[in-house]
**Student:** 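Pasting a structure below so you can have a look.
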Amino acid sequence: MPRTAFLHPTTPPAESDFLNLVEGRGALVFDDSGRDYVDALASLWYCNIGHGRDEMADAIAAQARRLAGFHTFERYTNPPAEAICERIAELAPFPGARVFLTCSGSEAVETAVKLARITHSLAGDPDRTIVVSREPSYHGVTFAGTTLTGLPAFHEHIGPLVPDLVRVPKDDVEALGALFEQQGDRIAAVIAEPVVGAPGVYPPEPGYLEAVRALCDEHGALLILDEVICAFGRLGTWWGGQHYGVVADLCTFAKGVTSGYQPLGGVVVSRRVLDVLESAPGFSLKHGHTYSGHPTACAAALTNLDIIEREGLLDRSLHVAKRLGDGLDTLVDGERILEIRAAGAMFGVGLGVHVDAVDVREAMIERGVIARPIGGVTVAFCPPLIITDEQIDRCVDALGGAVEAVA
Ligand code: PLP
């Protein structure tokens, strides 16, 4: 493809070799020559219900015809925004929740960080401004999200990062404990993905998230679970925290809430935060996006959640987890494929040093499967939850064949 006007995200700017995808159906996507590929990462960890659903297109079209967009600042609301917040609050991992809506996961993270600082400030503790994240981790690309993201490449060339956002190694309870010992009265929140996703799929060590929760409680900090990948069925539960038995104070979400049919994200807010916000005299939340509560995006989310419930996709996720996990396990040979890191229906395949993940990605595309290479050493899988058994097996065969071909 010749270079076009489209400056692609997370891509070398001079790149011009793109796969032009024109259609999707279920777990398959089709390129402009009509060739099909199994979408082994649900696009970018989001298309839980699969592509090409007429029901979604109809819901979006109906809302677009009725009232495509209207803002929700100050005096305005609309039925789909009210309904999706009510629905998500009912599903929330804590009682009495309310929901703030954004357009993306990055904006959700930004919102959660601000809400944590605002809550402490309103509660008379304005010096609690530190938010702690982990390395590696991924929390998006706005400035707070970038600073929190524990991947050095995202920090290059952009000058100073946001102050008071600090990182500790993941799964290191001692390091986090030491930080709390030194600065506990200044820590507003800890943010953690239930499963570290985009850096390569790293499930938490047993007991780690519980220990983080306990440290937050001991020192008066809030726990933010960044559920942008894990929520809405990926781990067989509505929320990743539920899978690990950990309850947060704020949960960010995006991706699976609409399966990507429209851009939508948000933060589920617990009573611990709401009680402070709602009772602060004269306080108004000076934070919100033009498209917060966008009716067409919210209509898509409502239909997406209908489909997840009606088709039992939380349970289906466990089936996908087992069949794909069993298949990937058969490929581990201690040399070319070293390990399979798994949590629910998300997988990181750890490659040996002589196997390059980008080469594997290319060889898999030749075999009709799109998976994601990460950091040269991992190939990630996170397929639509409606993927068929035959398509799961095709993913496993394609990985096996690709690794064989490039090693
Ligand atoms: N948080 C997590 C855990 C993510 O995985 C992502 C995206 O992959 C984000 C935040 C950022 O979301 P978005 O790309 O929608 O801004």
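Whatever order the structure lists ligands and atoms in, that order sets their numbers, starting from 1.
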**Student:** Suppose we screen for salt bridge (charged side-chain N to carboxylate O under 4.0 Å, His left out). Which residues come up paired with Asp333, at least two apart in sequence or across chains?
**Tutor:**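 Partners of Asp333 by the salt bridge (charged side-chain N to carboxylate O under 4.0 Å, His left out) criterion, ordered by chain and then number, come out as Arg336.
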**Student:** Could you check whether the rings of Phe232 and Trp238 sit parallel, tilted or perpendicular, using 30° and 60° as the cut-offs?
**Tutor:**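 Judged by the thresholds at 30° and 60°, the geometry between Phe232 and Trp238 is perpendicular.
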**Student:** His71 and Phe73: aromatic ring centres closer than 6.0 Å?
**Tutor:**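 Ring-ring flag for His71/Phe73: true, centres closer than 6.0 Å.
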**Student:** State the CZ-OG distance between Phe154 and Ser137, to the nearest 0.5 angstrom.
**Tutor:**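 Answer rounded to 0.5 Å: 10.5 Å.
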**Student:** Do His289 and His287 make the cut of ring centroids closer than 6.0 angstrom?
**Tutor:**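 Yes, they do, as the ring centres are separated by less than 6.0 Å.
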**Student:** Could you pull out every protein residue that has a heavy atom closer than 4.0 Å to ligand 1, ordered by chain and then number?
**Tutor:**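 Contacting ligand 1 under 4.0 Å are Ser104, Gly105, Ser106, Tyr138, His139, Gly140, Glu193, Asp226, Val228, Ile229, Lys255.
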**Student:** Would you call Arg134 and Asp171 a salt bridge, using N to O less than 4.0 angstrom?
**Tutor:**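 No, this pair does not count.
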